[in-house]
Amino acid sequence: MTSLDSRCLRPYLKRNRALASIAGKRSLACQLVMLGLLLSGDIENNPGPRYPCGTCSKPCRCNQRSICCDSCDTWHHLKCTDLSDIQFNDLASSDVNWLCIKCTLPKLDDSSNVVPDNPTIDSHERIKDIQSTFRTMKGVTIAHLNTRSLPHKLDDIRILLKDLAIDVLTLSETWLDNSVENSELHIPGYTLLKNDRNRHGGGVACYVSHRYQAFEVPELKVENTESLWINFALPHTKPILIMGPLL
């Protein structure tokens with residue numbers, strides 16, 4: 001078998017100094033492996049951060065506290081998420097999913113119907129479109145979220161209600177019990193109504209804007225179901241009934 005001179009690799013090694021520094025005195029097998037890697041095109045001279053933060057774009061390092069979105073698999077620094085240390089530790093020791101703010105926002109078109117993701121549209125532009133849609137809609141705006149633990153998503157919901165000015169937001173899978181006070185779940189400008197199960201599953205809730213009068217109608221509850229019947233008063237009209245999530 002003829003020997004392979006490392007000079008044959010020079011055109012390729014010029015593109016990668018790391019491999020060039022070790023190619024001079026390596027064996028034939030090692031040189032062949034390096035040549036195969038270079039020819040494969042699978043080597044990036046400037047790879048950049050491996051896990052960029054979805055908020056600040058800086059790398060999430062192993063010595064920094066970070067959390068990964070269970071929907072889009074994007075990492076975020078803890079300081080970029082508005083999560084408290086207690087919430088972060090609770091998530092780290094449980095199987096509860098965490099979603100970033102981009103994944104919790106509803107994807108709506110101008111007719112307020114759910115539309116599939118469009119990878120050609122920048123996420124920030126999509127958020128602006130959603131905000132514009134909600135602010136120009138007439139009448140009462142009602143939305144629903146499956147939270148899978150309301151305490152862990154509370155900061156994101158605060159941002160959602162602030163940006164979109166939703167009148168009624170119904171929630172399912174709140175995962176609450178009597179140990180969680182209403183004051184801990186308070187959102188300025190909204191009244192909270194809820195029907196709890198326990199901290200491991202179930203539970204429904206509803207945030208109603210202070211612009212409207214609303215109160216629960218407990219006599220309409222159906223046995224063995226989790227639901228919220230809400231008497232919702234609109235200006236200059238008769239009150240209407242809104243049924244929250246039914247579990």
Side-chain angles (χ1 to χ4, degrees), residues 81-84 87 98-115 123-124 126-178 180-197 202-222 225-247:
T81 63
D82 293 331
L83 284 172
S84 66
Q87 291 173 331
W98 178 82
L99 302 181
C100 64
I101 184 61
K102 295 179 182 178
C103 293
T104 57
L105 287 175
K107 301 173 179 60
L108 306 177
D109 60 9
D110 291 338
S111 61
S112 300
N113 293 322
V114 178
V115 297
S123 58
H124 295 290
R126 185 186 297 122
I127 294 174
K128 291 180 180 179
D129 290 342
I130 295 172
Q131 293 173 343
S132 176
T133 299
F134 268 85
R135 289 169 181 169
T136 56
M137 290 175 61
K138 297 181 180 180
V140 179
T141 55
I142 302 176
H144 172 74
L145 288 176
N146 185 319
T147 58
R148 292 180 60 82
S149 181
L150 175 57
H152 291 148
K153 309 298 192 310
L154 189 59
D155 291 336
D156 291 336
I157 291 176
R158 286 194 178 107
I159 297 173
L160 179 70
L161 292 177
K162 180 181 178 181
D163 290 345
L164 302 184
I166 298 171
D167 296 317
V168 180
L169 178 65
T170 61
L171 307 171
S172 57
E173 296 293 339
T174 55
W175 298 10
L176 298 173
D177 58 19
N178 294 333
V180 182
E181 299 291 339
N182 283 1
S183 58
E184 300 178 47
L185 307 171
H186 174 69
I187 296 180
Y190 286 85
T191 300
L192 173 63
L193 304 171
K194 60 188 181 73
N195 182 9
D196 301 335
R197 186 196 296 180
V204 294
C206 183
Y207 282 101
V208 182
S209 172
H210 283 172
R211 293 179 295 174
Y212 303 95
Q213 294 182 350
F215 57 89
E216 186 179 356
V217 187
E219 56 268 22
L220 294 180
K221 285 185 179 179
V222 180
T225 65
E226 293 180 1
S227 62
L228 276 176
W229 287 90
I230 302 170
N231 190 304
F232 188 80
L234 295 173
H236 311 295
T237 62
K238 294 181 179 180
I240 62 174
L241 281 175
I242 297 178
M243 188 189 74
L246 180 64
L247 298 179

**Request:** Would you please test L154 and L185 for side chain to side chain contact (heavy atoms under 4.5 Å, CB included) and show each step?
**Result:** CA-CA 7 Å; L154 189 59; L185 307 171; 4.3 Å; yes

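The backbone N or O of T141 sits less than 3.5 Å from a side-chain atom of D167, completing a donor-acceptor pair. Listed for the E216 side chain is no donor-acceptor partner under 3.5 Å among the backbone atoms of I230. Side chain of R158 to main chain of H186: a donor-acceptor pair is present (N/O by atom type, distance under 3.5 Å, no hydrogens or angles). Counting only distance, with no hydrogens or angles, the side chain of Q87 and the backbone of H152 share no donor-acceptor pair below 3.5 Å.
In plain terms, the two heavy atoms of A205 and T174 that are nearest each other are CB-CG2, 3.8 Å. Residues C206 and T170 come closest through the heavy atom pair SG-CG2, 4.0 Å. Between L150 and Y207, the shortest heavy-atom contact is CD2-OH, 4.1 Å. I166 and Y190 make their closest contact through O-OH, 2.5 Å (heavy atoms, listed as atom of the first residue, atom of the second, distance). Between V208 and A214, the closest heavy-atom pair is CG1-CB, 3.8 Å. Summarising the geometry of K194 relative to L176, their closest heavy-atom pair is CD-CD1, 4.0 Å, with the distance given to 0.1 Å.
Among residues two or more places apart in sequence or in another chain, the side-chain contact (heavy atoms from CB on, under 4.5 Å) test is passed with E219 by V217. Contacts of F232 classified as ring-ring contact (aromatic ring centres under 6.0 Å, His included), with partners at least two apart in sequence or in another chain: Y212.
You'll find the side chain of L171 reaches within 4.5 Å of the side chain of I157, heavy atoms only. Residues E184 and P151 fail the side-chain proximity criterion, which asks for heavy atoms closer than 4.5 Å. Looking at D156 and L99, their side chains never come closer than 4.5 Å, going by heavy atoms from C-beta outward.
Annotation: Q213, atom CD; neighbour count of heavy atoms from other residues, nucleotides and ligands within 6.0 Å does not exceed 12.
Taking CG from N195 and OG from S172, the interatomic distance works out to 12.5 Å, rounded to the nearest 0.5 Å. One finds the CG atom of D155 at 12.5 Å from the CG atom of L160 (value rounded to the nearest 0.5 Å).
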